[in-house]
Engineer: 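The structure's right below; bear with me while I get my questions together.
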Amino acid sequence: MKIVENTLALSTSGDNKLTIKIGNGQIGHSSLMKQSGDFVTGEVVNEPLGSNISNYSIIVSTMVTDVNPHTNNTNISILINNVTIDTFSTTTNEDNGQVLYSTQLDF
Amino acid sequence: MKIMAKFYTVLNSIFNNQLLLLVFAVLLITTPALSQGIGDFGKFYGDVRAPSAPAFTILGTNPSEISRPKSYRDVEFSLLNNFFDQGALTLPSNFSIEFSPYWMFEHPDLSFKELYNPTVLESALYNLSFSLATQADESQTVNTTFLGVGLRTVFDFGRPRRILELVNELGEMEENMVSIANVNSLIRSYIVNQQQGFDGTKDAIKKLSAGLMIYIDTSNNLTDDDKAFLNSWVKFYIAKVETSKAQNAAGLNSALNALLSGDQVESLLDEIKKDSKAVQTAIEDRVGFKLEVALALKRDYLDAQLSGSRTSNSGFWLTPSYIHESLPIEFLGVVRYLHDNLDFVENGSIIDWTRNFDLGIKLVYKVKKFSLEGELIYREQTQVLEAITDLNGFSFRPKRTTTDRKIDFTVAYQVNENISLSYTYGKNFELPILNGDLISGLNINLGIGGHKFDK
């Protein structure tokens, strides 16, 4: 399994709602632990992260598996309040292989 | 039906894998080749389906090495590397490339649900492929390089056989994928937010272990099973930290990466991979109507020079097909046009060019590994002879049109994913030039070529 690590620096002002989008027709599921200690798993869509996060890093783990018969390319997009912050992509090592995207959101 | 079922049972009992090799060896050695050879024009056009790589089909080649670039940069690199020599454009002698333009780009907005249920135009985009091949012929007086270019796609008007909600593997996959994601989130979150001053000593490792257990215990929204799973993985992680002799936060991170790439995660990944394969099969298992379209062109270049070339062959294929939802039947139509500019002599006449137009149908009946196929193809062939001048000095080109048909039946047995055994009997085309028209042949397909575009 491939592991792709990235770090994003984010602003703490206002409510931050997180969405993880899986592209290229692949299947993906995420997991993250909020500052409150709440675990969020599965599809992450407009998940409130809290408005007073500071000096805290949220680790978002997204497992993507290749099910697309046309390509082994995978990508995930990190959206805050429906605005795409960044998109990360890589190719699985084999057909029907997996990639773990570990994205650190620094507040 | 009963007779076919019995035949299938007998066939299946005979052709188990242990006996198969022995049967193949005997058949290969002792069975005479009864099927009739056909001329080069039409040799690779036997299958009614539009070819998966039309460029290779029109060249009549099955290349052993095919470049399959995954990005436009790779396509550019491959073409520049092979078609340019010291700044000059040249033709390579044996080159083949095949790629799918749509998938050269990333598609961040394409969800799995959209891939599973595409519109007709989306399916045409997803299935669009481009092929290009060259082949050198040094046997002629002037060295000739042939260039084949082809395009293929499928317009899918049907739907997946299973609706998304019935794809059970999705639920199992989600569970396993979330488990691995939870391990990463928990441990990395602890390292970044809670762990301070780790120095690799026994006390530090003990503190790390205890801290992680408390972190799990105080987490919300985790079931008891989730917590038990995470606790067991913390033990694996601590063991990895000890063996890797991590001495700081970076070392702790590396130990986690090593754990998630190691043996402990293998069984979970194998399950996910197995389910992914099943989901991929569900994506490809579609019923209803679809239309395969392919185009190809062949150009001849003398001495590998770009000037003085000519188009020697062109082809167009249309394969409408229908797969029934519950009956194991597939209907296929054949619309095929092939044009050959190659001059040749037939019965004392010099043929300037030949054009074949094929129209036909095929029916496939499949039960498990056994299939029964029947096809009927009508062919109209037009040949234009070289210009002749009559006694009055007028020049004209005689044209002749002949019709023919092909009808055959095939019984096939799919031994495994890559090997199939089939027997065909029927009447082949007499056109273009044949010594006889009976088809009777035993074939073994070892999974080379075929119409599936591999990723």
Engineer: Test B/Asn184 against every option in A/Thr62, A/Val60, A/Leu100, A/Leu32 by the side chain to side chain contact (heavy atoms under 4.5 Å, CB included) rule and name the one that passes.
Structural biologist: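 Single side chain to side chain contact (heavy atoms under 4.5 Å, CB included) partner of B/Asn184 among A/Thr62, A/Val60, A/Leu100, A/Leu32: A/Leu100.
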Engineer: With side chains defined as the heavy atoms from C-beta onward, is the minimum distance between B/Ile180 and A/Met1 less than 4.5 Å?
Structural biologist: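 Yes, side chains in contact.
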Engineer: Look at B/Tyr215, B/Phe112, B/Tyr116 and state which one has the largest set of heavy-atom pairs under 4.5 Å with chain A.
Structural biologist: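 Sorted descending by pairs with chain A, the first entry is B/Phe112.
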Engineer: Counting only heavy atoms closer than 4.5 Å, note whether A/Ile22 contacts chain B via side chain, backbone, both or neither.
Structural biologist: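 The answer is the backbone of A/Ile22.
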Engineer: Using heavy-atom distances under 4.5 Å, tell me whether A/Ser77 contacts chain B through its side chain, its backbone, both, or neither.
Structural biologist: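 For A/Ser77, side-chain heavy atoms alone lie under 4.5 Å from chain B.
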Engineer: Can you say whether A/Thr91 sits under 4.5 Å from chain B via the side chain, the backbone, both, or neither, judging by heavy atoms?
Structural biologist: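 Answer is neither: A/Thr91 stays 4.5 Å or more from chain B.
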Engineer: Got B/Trp103 and A/Asn68 here, is their nearest side-chain heavy-atom distance under 4.5 Å?
Structural biologist: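 Contact flag for B/Trp103/A/Asn68 side chains = yes.
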Engineer: At a 4.5 Å cut-off on heavy atoms, which part of B/Leu222 comes close to chain A: side chain, backbone, both, or neither?
Structural biologist: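 Just its side chain gets close to chain A.
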Engineer: Heavy atoms, side chains only, cut-off 4.5 Å: are A/Gln98 and B/Ser276 in contact?
Structural biologist: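 Yes; the side chains approach each other to less than 4.5 Å.
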Engineer: Is B/Ile283 close to chain A through its backbone or its side chain, or both, or neither, when contacts mean heavy atoms under 4.5 Å?
Structural biologist: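 Only the side chain of B/Ile283 comes within 4.5 Å of chain A.
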Engineer: Among A/Ser89, A/Gly97, A/Ser30, which has the most heavy-atom pairs under 4.5 Å with chain B?
Structural biologist: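 Among A/Ser89, A/Gly97, A/Ser30, the one with the most close pairs to chain B is A/Ser89.
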Engineer: Between chain B and each of A/Thr87, A/Ile58, A/Asp106, A/Thr41, count heavy-atom pairs under 4.5 Å; write down the option with the most.
Structural biologist: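 Going by pairs under 4.5 Å, I would pick A/Thr41.
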Engineer: Given side chains that start at C-beta, do those of A/Lys21 and B/Asp109 come closer than 4.5 Å, heavy atoms only?
Structural biologist: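 Counting from C-beta outward, A/Lys21 and B/Asp109 do come under 4.5 Å.
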Engineer: Measure the CG-CE distance between B/Asn221 and A/Met33 for me, rounded to the nearest 0.5 Å.
Structural biologist: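 If I round to the nearest 0.5 Å, the distance is 10.5 Å.
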Engineer: Below 4.5 Å, heavy-atom pairs only: which of B/Met177, B/Glu114, B/Lys113 has the largest tally toward chain A?
Structural biologist: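 Counting heavy-atom pairs under 4.5 Å, the top option is B/Met177.
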Engineer: Given that the side chain runs from C-beta out, which part of A/Val64 has a heavy atom under 4.5 Å from chain B: side chain, backbone, both or neither?
Structural biologist: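 Looking at A/Val64, just its backbone touches chain B.
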Engineer: Check whether more than 12 heavy atoms from other residues, nucleotides or ligands sit under 6.0 Å from atom CD of A/Glu94, and answer yes or no.
Structural biologist: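 Yes - once you tally the heavy atoms of other residues, nucleotides and ligands closer than 6.0 Å, there are more than 12.
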Engineer: Between B/Ser100 and A/His70, is there a side-chain heavy-atom distance shorter than 4.5 Å?
Structural biologist: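 They are not in contact (no side-chain heavy atoms under 4.5 Å apart), so the answer is no.
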Engineer: Are B/Val178 and A/Met63 side-chain neighbours, meaning at least one heavy-atom pair lies under 4.5 Å?
Structural biologist: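 Not in contact.
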Engineer: Is it the backbone or the side chain of A/Thr74 that comes under 4.5 Å from a heavy atom of chain B, or both, or neither?
Structural biologist: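 It is the backbone, since no side chain atom gets that close.
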Engineer: Are any non-hydrogen side-chain atoms of B/Gln280 and A/Asp95 less than 4.5 angstrom apart?
Structural biologist: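 No, too far: nothing below the 4.5 Å cut-off.
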Engineer: Would you say the side chain of B/Val192 lies within less than 4.5 Å of the side chain of A/Gln104, judging by non-hydrogen atoms?
Structural biologist: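 A/Gln104 reaches B/Val192 side chain to side chain.
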Engineer: Need one label for B/Asp275: side chain, backbone, both or neither, based on atoms under 4.5 Å from any heavy atom in chain A.
Structural biologist: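 It is neither, since no heavy atom gets under 4.5 Å.
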Engineer: Could you give the distance from NZ (B/Lys70) to CG (A/Asn73), rounded to the nearest 0.5 Å?
Structural biologist: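 One finds 8.0 Å between NZ of B/Lys70 and CG of A/Asn73.
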Engineer: Are more than 12 heavy atoms, taken from residues, nucleotides or ligands other than B/Tyr72, located less than 6.0 Å from that residue's OH atom?
Structural biologist: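 More than 12 within 6.0 Å, yes.
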Engineer: Name the option with the most non-hydrogen atom pairs under 4.5 Å to chain A; the candidates are B/Val279, B/Leu115, B/Leu170, B/Asn193.
Structural biologist: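 With the most close heavy-atom pairs to chain A, the winner is B/Asn193.
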Engineer: Compare every heavy atom of B/Lys273 with every heavy atom of A/Asn96, then report the nearest pair and how far apart it is.
Structural biologist: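 Minimum heavy-atom contact is O-CG, 3.4 Å.
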Engineer: Counting heavy atoms not belonging to B/Glu175, are there more than 12 under 6.0 Å from its CD?
Structural biologist: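 No, the 6.0 Å shell around CD holds no more than 12 heavy atoms from other groups.
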Engineer: Shorter than 4.5 Å, heavy atoms on both sides: which option in B/Lys277, B/Glu266, B/Lys274, B/Glu174 has the most such pairs with chain A?
Structural biologist: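 Of B/Lys277, B/Glu266, B/Lys274, B/Glu174, B/Glu174 has the most heavy-atom pairs under 4.5 Å with chain A.
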Engineer: Take atom NZ in A/Lys17; do more than 12 heavy atoms of anything else shown fall under 6.0 Å from it?
Structural biologist: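 No, because the 6.0 Å sphere around NZ of A/Lys17 holds 12 heavy atoms or fewer from other groups.
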Engineer: Rounded to the nearest 0.5 Å, how far apart are OG of B/Ser185 and NZ of A/Lys34?
Structural biologist: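 The NZ atom of A/Lys34 is 13.0 Å from OG of B/Ser185, to the nearest 0.5 Å.
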Engineer: Quick check for you: among A/Asn24, A/Ile3, A/Ile76, which has the greatest number of heavy-atom pairs under 4.5 Å with chain B?
Structural biologist: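 Most heavy-atom pairs under 4.5 Å with chain B: A/Asn24.
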Engineer: Can you tell me how far apart CD1 (A/Ile27) and OG (B/Ser111) are? Round to the nearest 0.5 Å.
Structural biologist: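 Output value for this atom pair is 10.5 Å.
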Engineer: Would you give the length of the straight line joining atom CG of B/Asn257 to atom OG of A/Ser102, rounded to the nearest 0.5 angstrom?
Structural biologist: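 Separation between the atoms: 7.5 Å.
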